[in-house]
Amino acid sequence: MSQTTTATSTAQLQLNAGSIEHSLSDVVKTEDWSDFQFTPIRESTVSRAMTSRYFKDLDKYAVADVVIIGAGSSGLSAAYVIAKNRPDLKIAIIESNVAPGGGAWLGGQLFSAMIMRKPAHLFLNDLNIPYEDEGDYVVVKHAALFTSTVLSKVLEFPNVKLFNAVAVEDLVTRPVGTDGQVTAAGVVTNWTLVAMAHDLQSCMDPNVIELSGYQNDGTRDPSKKHGVILSTTGHDGPFGAFTAKRIVTIDENQKLGGMKGLDMNHAEAAVVKQSGRYQGVGNVYFAGMESATLHGLNRMGPTFGAMAVSGIKAAEEILKHFAE
Ligand code: AHZ
């Protein structure tokens, strides 16, 4: 049997169990919620509210200062540092999966805890993420706590747009000089489902995000800083190591090193040291496990310090580029 309850002046819902406070205490007046209503809305209003914003974002980010490919732990760490330092840069994050975060929703295999070797804990301090201090390393109680926190902070920056369920399927390149060298000038994107079904569909051409700092004829605008691509698509897999695999077909001096066996002690520092600006093709930076695949480094397995720190190192180099 329902009982009618009137909210008290302190906006608390008085139930038999006692006083319960929640965000709807002010509007729910009956114990069985029988009076509950949402404000009315037309279906077309919902449609327009979503699509108008998405198309506005597509328009805004058709030219971007920073394109980050892949929203795993390294890409999100880099995005956080760049966006925090430079609110004036337009940062587009392209993530092929519906769910951003890459492999960082678990610590390793099916285990929840995420290990970070010191000094990567300093990044956790910056993000205000609690951890257990085990001396040489720290433990975040659930990897999802790291990923959801860095993701939410990145998404709060007004100069960041995440395009998820969108895959980068090629690079835009432009010649530099006359000796056949090219520079990257953008990314070629498609809905991931389309990118996965190219064999089934024909004539589903892609879209493009162009890097800032170019003129109508494709030449550099000398009065502006040119944009950059940071690729953090992880180690080799169906989508992984995307830019590394593409770049070795563009830059004849580069071989795909291939990720080597697991060696935590060597892998983590090596990935950090090899992350950052790519020398062979202009405007391209790498971080995370994609650096390991490109340069033939060991994997580290379930320890995430190098993902955060390589993202920070690449971010620092990108920030220097925009500061020069
Ligand atoms: O979906 C991918 C994932 O979220 C996304 N991605 C891959 N290819 C893409 C493409 N376009 C858009 N073509 C793409 N997005 O990139 C993200 C990569 O995240 P990740 O977690 O796989 O990579 P990471 O380098 O940031 O972190 C690696 C974590 C690992 S793997 C590992 C080991 O195997 O030993 N150890 C650690 C810590």
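Whatever order the structure lists them in is the order used to number ligands and atoms, beginning at 1. The shown structure was predicted, so the numbers you read here are calculated from the model rather than taken from an experiment.
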| query | Do T219 and Q215 have a side chain donor and acceptor closer than 3.5 Å? | reply | yes

Within the protein, flag every N or O under 3.5 Å from an N or O of ligand 1, and note the pair and distance.
unit_1   : atom_1 : unit_2 : atom_2 : d
ligand 1 : 1 (O)  : E95    : OE2    : 2.6
ligand 1 : 1 (O)  : S96    : OG     : 3.2
ligand 1 : 4 (O)  : E95    : OE1    : 2.6
ligand 1 : 4 (O)  : E95    : OE2    : 3.0
ligand 1 : 4 (O)  : G102   : N      : 3.4
ligand 1 : 6 (N)  : S96    : OG     : 3.4
ligand 1 : 8 (N)  : F239   : O      : 3.0
ligand 1 : 11 (N) : V168   : N      : 3.0
ligand 1 : 13 (N) : V168   : O      : 3.0
ligand 1 : 15 (N) : S96    : N      : 3.0
ligand 1 : 15 (N) : S96    : OG     : 3.4
ligand 1 : 21 (O) : G103   : N      : 2.8
ligand 1 : 25 (O) : M289   : N      : 2.8
ligand 1 : 26 (O) : S73    : N      : 3.4
ligand 1 : 26 (O) : S74    : N      : 3.0
ligand 1 : 26 (O) : S74    : OG     : 2.7
ligand 1 : 34 (O) : H235   : NE2    : 3.1
ligand 1 : 34 (O) : R299   : NE     : 3.2
ligand 1 : 34 (O) : R299   : NH2    : 2.6
ligand 1 : 35 (O) : R299   : NE     : 3.0
ligand 1 : 35 (O) : G301   : N      : 2.8
ligand 1 : 36 (N) : G301   : O      : 2.9

| task | Locate the shortest heavy-atom distance separating L76 from V150; write the atom from each residue and the value. | result | O-CG2, 3.9 Å

| message | For F36 and W33, take the angle between the two ring planes, folded into 0 to 90°, and tell me which bin it lands in: parallel under 30, tilted 30 to 60, perpendicular over 60. | response | tilted

| Partner set under side-chain hydrogen bond (donor to acceptor under 3.5 Å, both in side chains) for R86, not counting sequence neighbours | D88

| request: Using only heavy-atom distances, determine whether the side chains of D133 and H121 contain a donor-acceptor pair under 3.5 Å. | output: no

| task | Decide whether N265 and R117 meet the rule of one side-chain donor and one side-chain acceptor closer than 3.5 Å. | result | yes

